[in-house]
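Bear in mind that the values here come from a model prediction, so they are computed numbers and not experimental data.
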Amino acid sequence: MPPTRDPRPRHQQIAAEIRDLIMRGELVPGERLPSTSQLVERYGAANATIQHALKALKDEGFLDSHVGKGVFVRDRQPFVIDAAAYITPEPGRFRYRLLSVDTVVPPKDIADGLQLAPEGTVVVRTRLLLHDGQPVELSMSYYPGEIAAGTSLAQATKIRGGAPRVLADLGHPQHHFVDRISARPPTTEEIEALDLPDGTPVIRQLRVIYSHQDRPVEASTLIKGAHLYELLYRQDAANAL
């Protein structure tokens, strides 16, 4: 079987190589990139192709231009988050915008995660996480209708203390959860909600939260722009065998 060739346009290939150098620390924040003519020679590409590649990296936040000085690696650190934790809102930094609250028949992966009967309904709360006013995560949290109906989970208002407090008050404290993480191209809704640069994939977390006796009480789909995040995992080496 012949080796697979990279089918992407040349500017995307060049952007990928420069992005990799930045993420590996070979190009450090504040460092000036070679001139356009040097990049043209290095990559054997047209000037317009190089400009297109640099624009993509600027849109993603990896590079900054300074008129008369050149293009520099931006001092931008990714959101390094523990994959086993929610992002806690911080005044002036992280905040959530509630987009909608609905009662629906959920998609199959959510119904399976919540162990619902056929045609079972859920309350779904859709939110947008903002960092310094910029969208960084789109989340849909689903709660079994038999638990959420008639509670503040089903009301189109923000919940003081968050869903964990409501679930605990209802006798369903959160004990543990399981994440399934994947990456894929974004949907149109996700591109628009997260203001994603062209060609940026998303990280998708499917999280199921369990209460007493492994009863699932919440399932969430968390969508993040892959250009903004690194997911951090910790595990004791003794338990890794």
Side-chain angles (χ1 to χ4, degrees), residues 8-9 11-13 15-16 18-20 22-23 29 52-65 73-102 104 106-110 113 122-143 156-159 162-163 177 179-209 218-233:
R8 293 174 297 176
H11 75 275
Q12 291 183 6
Q13 297 174 7
I18 297 174
R19 187 187 300 109
D20 180 56
I22 295 172
M23 294 179 72
H52 201 171
L54 296 180
K55 181 181 183 304
L57 293 171
K58 292 173 189 175
D59 288 345
E60 293 176 18
F62 284 100
L63 300 176
D64 252 339
S65 289
V73 178
R74 185 177 176 185
D75 189 6
R76 160 200 167 278
Q77 298 301 315
F79 299 123
V80 180
I81 62 169
D82 193 318
Y86 284 111
I87 296 176
T88 303
E90 302 174 19
R93 300 291 287 176
F94 286 106
R95 66 182 180 87
Y96 286 101
R97 178 187 299 163
L98 182 64
L99 301 181
S100 64
V101 179
D102 300 288
V104 299
K108 185 178 185 303
D109 57 351
I110 298 297
V122 297
V123 170
V124 54
R125 300 178 63 85
T126 302
R127 302 183 302 173
L128 188 65
L129 177 67
L130 303 163
H131 178 263
D132 289 341
Q134 300 301 310
V136 295
E137 179 184 86
L138 180 65
S139 65
M140 288 70 68
S141 295
Y142 302 81
Y143 306 91
T157 57
K158 292 184 178 180
I159 301 172
F177 59 82
D179 273 358
R180 296 178 61 179
I181 301 174
S182 56
R184 59 164 172 73
T187 65
T188 298
E189 176 189 9
E190 291 161 358
I191 290 175
E192 295 174 351
L194 295 172
D195 193 21
L196 295 174
D198 183 42
T200 302
V202 292
I203 297 170
R204 181 183 188 269
Q205 286 175 262
L206 175 60
R207 170 171 294 165
V208 179
I209 301 178
E218 178 183 327
S220 294
T221 301
L222 313 172
I223 305 295
K224 304 169 172 56
H227 65 306
L228 295 177
Y229 283 88
E230 289 182 6
L231 300 182
L232 178 65
Y233 292 84

**OP:** List for me each residue that meets side chain to side chain donor-acceptor pair (under 3.5 Å) alongside Arg180, sequence neighbours excluded, and say none if there are none.
**Re:** none
Subject >> Lys158 backbone acceptor or donor facing Tyr96 side chain under 3.5 Å >> reply: no
**OP:** For Ala56, check side-chain contact (heavy atoms from CB on, under 4.5 Å) against everything at least two apart and list the hits.
**Re:** none
Subject >> Check: Val136 and Leu130 side chains under 4.5 Å, non-hydrogen atoms >> reply: no
Original post:
Who are the salt bridge (Lys or Arg N to Asp or Glu O under 4.0 Å) partners of Lys55, not counting sequence neighbours?
Top reply: Asp59
**OP:** Quick one: do Leu231 and Ile181 satisfy side-chain contact (heavy atoms from CB on, under 4.5 Å)? Show the steps, please.
**Re:** CA-CA 10 Å; Leu231 300 182; Ile181 301 174; 3.7 Å; yes
**OP:** State which residues pass salt bridge (Lys or Arg N to Asp or Glu O under 4.0 Å) with Arg8; sequence neighbours excluded, sorted by chain then number.
**Re:** Asp6
Original post:
In Å, rounded to the nearest 0.5 Å, how long is the span from CG of Leu194 to CG of Leu228?
Top reply: 8.5 Å
**OP:** Identify, with sequence neighbours excluded, every residue that meets side-chain contact (heavy atoms from CB on, under 4.5 Å) alongside Asp198.
**Re:** none
Original post:
Can you check whether Arg127 reaches Met140 side chain to side chain, under 4.5 Å on heavy atoms?
Top reply: no
Original post:
To the nearest 0.5 Å, what is the distance between CZ (Arg207) and OG (Ser141)?
Top reply: 9.0 Å
Subject >> Min side-chain heavy-atom separation Ile223-Ile203 under 4.5 Å >> reply: no
Original post:
Who pairs with Asp109 by side chain to side chain donor-acceptor pair (under 3.5 Å), at least two apart in sequence or on another chain?
Top reply: Arg204
Subject >> Note: Glu60-Arg19 ion pair, threshold 4.0 Å (strictly below) >> reply: yes
Original post:
Can you tell me how far CG of Leu63 sits from CD1 of Ile18, rounded to the nearest 0.5 angstrom?
Top reply: 7.0 Å
Original post:
Hey, does Leu196 have a side-chain heavy atom less than 4.5 Å from the side chain of Val202?
Top reply: yes
Subject >> Closest heavy-atom pair and its distance - Pro186, Pro201 >> reply: CD-CA, 4.2 Å
**OP:** For Glu190 and Thr188, test the side chains for any donor-to-acceptor distance below 3.5 angstrom and give the result as yes or no.
**Re:** no
Subject >> Results of salt bridge (Lys or Arg N to Asp or Glu O under 4.0 Å) for Arg74 - residues two or more places apart only >> reply: none
Original post:
Of all residues at least two apart in sequence or in a different chain, which pass the side chain to side chain donor-acceptor pair (under 3.5 Å) check with Glu230?
Top reply: none
Original post:
What residues, two or more places apart in sequence or in another chain, satisfy side-chain contact (heavy atoms from CB on, under 4.5 Å) together with Ile110?
Top reply: Pro106, Pro107, Leu114, Tyr142, Leu206, Ala219, Thr221
Original post:
Would you say Phe177 and Glu218 make side-chain contact, with heavy atoms under 4.5 Å?
Top reply: no
Original post:
Who are the ring pair (Phe, Tyr, Trp, His ring centres under 6.0 Å) partners of His52, not counting sequence neighbours?
Top reply: His11
Subject >> Distance in Å, Lys58 NZ paired with Ser65 OG, rounded so as to fall on 0.5 Å steps >> reply: 2.5 Å
**OP:** Apply side chain to side chain donor-acceptor pair (under 3.5 Å) to Asp195 and list each qualifying residue two or more places apart in sequence or on a separate chain.
**Re:** none
Original post:
Does Leu99 have any side-chain contact (heavy atoms from CB on, under 4.5 Å) partners at least two apart in sequence or in another chain, and if so, which?
Top reply: Arg97, Thr126, Leu128, Leu138
